[in-house]
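Every number for a ligand or one of its atoms is a count from 1 in the order of the listing.
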Amino acid sequence: MKLGTFIAGFAAAVMMTGSAMAQQAPIVIKFSHVVAPDTPKGKGAEFFKKLAEERTKGKVKVEVYPSSQLYKDKEEMEALQLGAVQMLAPSLAKFGPLGVKEFEVFDLPFIFPSKDVLRSVTEGGVGRGMLKKLETKGIIGLAYWDNGFKIMSANKPLKTPDDFKGVKMRIQSSKVLDAQMRALGALPQVMAFSEVYQALQTGVVDGTENPPSNMFTQKMHEVQKHATISNHGYLGYAVIVNKKFWEGLPADIRATLEGAMNEATAFANSIAQTENDDALKAMKAAGKTEFYTLTADEAAAWRKALLPVHQDMEKRVGKDLIDAFYKESAKFGFKN
Ligand code: LMR
């Protein structure tokens, strides 16, 4: 064999091995989130991982990092844009700092008179239009995942709006939530989710709001004497991916992952209510927090204090968007 032929053959063999290796190396999706694995979002992420890995026959590996292991709230958004992680599911209250403040419309108190209205928004044109807005930020919105409706907690009973006067309440980074707490006379304080337990324990803040699943899995009930089942607001997520990464995937892989995401979404949304019901039951059984359900009169007083926030926040989230949400309510016979 001539030396030239040998070298050419050797180079071809090396290139083939290289490309075979490249084919074998899985595409890695780092999916970072801030809640415990044992929550609607945590379980949804694990379900997506399972489907994605099975259906791509190992060509895709999904690494789920729960409990702010990799990043806290604000950092995870930056990490996604930089491509340090590929997938997140931040709460809809956390998109303001990214420059997409419209999502804070979901935080308006009593904006959803029923789950049907919520679903109609998230699965219809209004919800899709909102996800589309993320693309200018280098992000693609894949789906909406539920957590649930929030309860208020503190170390004192919170029965009437007056009870909130001067109470320091931890909130997510949403101006609408800031306005909500101020409308009650409370003192809102933005804080990363991973810091809330300690802040409640040490008295940096007096109280907070969250769906029962988050309150329970963070053990907040151990450091909150009182909680009011007010269901005054919604907490849900947008599952988002880095646009460049997503669009750079081979088309067949992307289609398979989209299918897996659709099923993971149906799964996460089907378990959210039960997860929250079970968490509430477990906290009641633990006996550390006293849970209070508002009377009809008290609920009316909360609505009276909080509904003006819709108008106050028109400039922040857009009057047209609020009206679009009201229209969804009207489809189900509700009047906002
Ligand atoms: C919070 O910060 O309270 C929640 O957004 C956490 C979460 O992701 O459910």
Side-chain angles (χ1 to χ4, degrees), residues 31-46 48 64-77 79-80 85 87-98 100-101 103-109 118 122 141 143-154 168-178 180-181 186 188-200 204-221 223-224 227 230-240 265 268-269 271-273 275-276 279-280 283:
F31 187 159
S32 167
H33 69 81
V34 300
V35 295
D38 208 11
T39 53
K41 176 161 66 180
K43 290 185 178 178
E46 285 299 333
F48 171 71
V64 180
Y65 297 94
S67 307
S68 307
Q69 251 170 46
L70 280 189
Y71 300 106
K72 295 193 215 172
D73 299 312
K74 204 161 154 277
E75 292 95 342
E76 70 173 16
M77 287 291 201
L80 185 78
V85 293
M87 192 174 276
L88 307 173
S91 120
L92 300 164
K94 293 177 182 169
F95 285 81
L98 194 74
V100 193
K101 46 195 193 320
F103 280 92
E104 292 177 10
V105 68
F106 282 93
D107 300 329
L108 287 171
L118 162 70
T122 55
Y144 289 98
W145 285 4
D146 274 351
N147 189 328
F149 289 90
K150 293 177 285 188
I151 58 187
M152 291 276 198
S153 66
K168 283 179 278 166
M169 296 292 280
R170 178 268 170 173
I171 55 164
Q172 306 175 76
S173 61
S174 157
K175 290 280 184 280
V176 169
L177 296 179
D178 184 278
Q180 170 199 270
M181 290 303 184
Q189 197 166 319
V190 174
M191 189 178 288
F193 185 64
S194 55
E195 289 162 12
V196 182
Y197 175 86
Q198 210 185 355
L200 290 170
V204 169
V205 288
D206 307 310
T208 188
E209 55 167 7
N210 242 301
S213 63
N214 275 349
M215 186 175 173
F216 178 58
T217 52
Q218 296 300 313
K219 298 189 168 52
M220 292 181 202
H221 64 293
V223 288
Q224 293 279 264
S230 46
N231 297 322
H232 60 282
Y234 172 72
L235 192 149
Y237 310 106
V239 185
I240 56 177
T265 299
N269 290 347
I271 62 164
Q273 185 68 52
E275 290 287 318
N276 277 300
L280 188 56
M283 288 191 288

Show your working on side chain to side chain contact (heavy atoms under 4.5 Å, CB included) between Glu104 and Lys175 and close with a plain yes or no.
-> CA-CA 7 Å; Glu104 292 177 10; Lys175 290 280 184 280; 3.6 Å; yes
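- Remark: the His232 side chain and the Glu209 side chain contain an N/O donor-acceptor pair separated by less than 3.5 Å.
- Only the side chain of Leu235 comes within contact range of ligand 1, with a heavy atom under 4.0 Å; no backbone atom does.
- A donor-acceptor contact under 3.5 angstrom links the side chains of Asp146 and Tyr234, judged on distance only.
- Of the protein's non-hydrogen atoms, Tyr237 OH, 2.5 Å is the one closest to atom 9 (O) of ligand 1.
- Centroid-to-centroid, the aromatic rings of Tyr237 and Phe106 stay 6.0 Å apart or farther.
- Under the 4.0 angstrom criterion for non-hydrogen atoms, His33 is not in contact with ligand 1.
- Listed for the Asp206 side chain is a donor-acceptor partner under 3.5 Å among the backbone atoms of Lys168.
- For Arg170, every heavy-atom contact with ligand 1 shorter than 4.0 Å involves the side chain, none the backbone.
- Those atoms of ligand 1 that come under 4.0 Å of a heavy atom in Asn210, given as number and element, are 3 (O).
- For ligand 1 and Ser91, the ligand atoms under 4.0 Å from any heavy atom of the residue are 5 (O).
- The ligand atoms of ligand 1 that sit less than 4.0 angstrom from a heavy atom of Lys41 are 7 (C), 8 (O).
- Of the heavy atoms in Thr39, none comes closer than 4.0 Å to ligand 1.
- Every residue meeting the side chain to side chain contact (heavy atoms under 4.5 Å, CB included) condition with Ala186, not counting sequence neighbours, appears here in chain and number order: Phe164, Met169, Met181.
- The shortest N or O to N or O distance between Glu209 and ligand 1 is not under 3.5 Å.
- The Val35 neighbourhood of ligand 1 comprises atoms 6 (C), 7 (C), 8 (O), 9 (O), with distances under 4.0 Å to a heavy atom of that residue.
- Side chain to side chain, Thr217 and Asp38 fail the donor-acceptor criterion of an N or O pair below 3.5 Å.
- No hydrogens or angles considered: nothing links the side chains of Glu275 and Ser213 as a donor-acceptor pair under 3.5 Å.
- In this structure, atom 1 (C) of ligand 1 lies nearest to the protein heavy atom Phe193 CD1, 3.3 Å.
- Among all non-hydrogen protein atoms, the one lying nearest atom 5 (O) of ligand 1 is Gln172 OE1, 2.6 Å.
- Classification of the His33-Phe31 ring pair by plane angle, with boundaries at 30° and 60°, yields perpendicular.
- Of all atoms in ligand 1, numbered sequentially from 1 with element shown, those under 4.0 Å from a heavy atom of Lys94 are 1 (C), 2 (O), 4 (C), 5 (O), 6 (C).
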